[in-house]
2 protein chains.
Amino acid sequence: MSTTTPADAACCLPTFQGPLTSEEAEPLAAVFKAVADPVRLRLLSIIEHTENGEACVCDLTEPLDLSQPTVSHHLKILVDAGLLTRTKRGRWAYYAVQRPALDEFGALLRRQRAAAA
Amino acid sequence: MSTTTPADAACCLPTFQGPLTSEEAEPLAAVFKAVADPVRLRLLSIIEHTENGEACVCDLTEPLDLSQPTVSHHLKILVDAGLLTRTKRGRWAYYAVQRPALDEFGALLRRQRAAAA
């Protein structure tokens, strides 16, 4: 009986299937660009840890100490990248993490933390 | 006996241990910034698939159709982010992928490809 951790399973596969063309590299770079910002990483981490698993922009301005238009701008980038979902209910839109998309970032972040420790 | 794929193993862990502070978010954003560029993703993919697992800047200008200073600039960013190693031998520096760091990006890229297919 053997168990396989994500890191073990990843060890023997190439990261890229072959040299990327510009056309292949551009959409991938766009996803990384969405999380290449401290405010957007903080937004993802705050929304993931809210009590109901979702938050409206009204919940997010205070912890980040940023204006509503600025927070809305960052939220839109995360929705467009497929990392958050947006559901309109009454006056507000509610944002939740898009589970499968975020899980792969989780593996990467745990590795980063381990390397930094 | 059970096997666990990277995606399965990642499913039940939170991506973030809790809400990130600015100080925690900034170094993570810096790593993502390193790969948030199509030229740098192409460089990683080309170097990973060279015959000896390494390449000098002289091997990389032609496939990317970019000048040596531009390629060197992007290589430096990838070395600083811990995604490439740099070894000086004679006249040239040789770049190779930093295996454990790149493996976690691999899991993420495979998921992206599956979602796009």
Side-chain angles (χ1 to χ4, degrees), chain A residues 1-42 44-50 63-64 82 97 99-113 115-116, chain B residues 1-42 44-50 63-64 82 97 99-113 115-116:
Chain A
M1 181 158 152
S2 72
T3 55
T4 309
T5 67
D8 291 339
C11 84
C12 309
L13 293 165
T15 294
F16 300 97
Q17 291 175 313
L20 293 176
T21 63
S22 290
E23 291 68 30
E24 291 166 330
E26 272 161 30
L28 290 176
V31 175
F32 288 124
K33 209 166 181 176
V35 290
D37 181 284
V39 171
R40 292 198 285 275
L41 287 172
R42 293 187 71 197
L44 290 173
S45 72
I46 292 168
I47 295 170
E48 186 182 40
H49 286 275
T50 50
L64 292 168
V97 299
R99 210 56 262 181
L102 211 66
D103 286 335
E104 294 295 346
F105 281 98
L108 194 67
L109 295 176
R110 282 187 292 278
R111 173 64 64 107
Q112 290 296 324
R113 275 197 298 267
Chain B
M1 178 161 153
S2 72
T3 56
T4 309
T5 67
D8 291 339
C11 84
C12 310
L13 293 165
T15 294
F16 300 97
Q17 292 175 312
L20 292 177
T21 63
S22 289
E23 291 68 31
E24 291 167 331
E26 271 161 31
L28 289 175
V31 176
F32 287 124
K33 208 165 180 177
V35 290
D37 181 284
V39 170
R40 293 198 286 275
L41 285 172
R42 292 187 70 198
L44 289 173
S45 72
I46 292 168
I47 294 169
E48 185 181 41
H49 286 275
T50 50
L64 292 169
V97 298
R99 208 59 262 178
L102 212 66
D103 286 335
E104 294 295 346
F105 281 98
L108 194 67
L109 295 176
R110 282 187 292 279
R111 173 63 66 106
Q112 291 296 324
R113 275 198 296 268

Closest heavy-atom pair, B:S45 versus A:G18, reported as atoms and distance to 0.1 Å, is CB-O, 3.7 Å
Not counting sequence neighbours, which residues clear side-chain contact (heavy atoms from CB on, under 4.5 Å) with B:A25? List them please.
A:P38, A:L41, A:R42, B:L20
Name the region of A:L44, side chain, backbone, both or neither, that has any atom closer than 4.5 Å to a heavy atom of chain B.
both
Calculate, to the nearest 0.5 Å, the distance between atoms CG and CZ belonging to A:D37 and B:F32 respectively.
12.0 Å
Here the side-chain hydrogen bond (donor to acceptor under 3.5 Å, both in side chains) pairs for residues 24-33 of chain B, sequence neighbours left out, are B:T21-B:E24
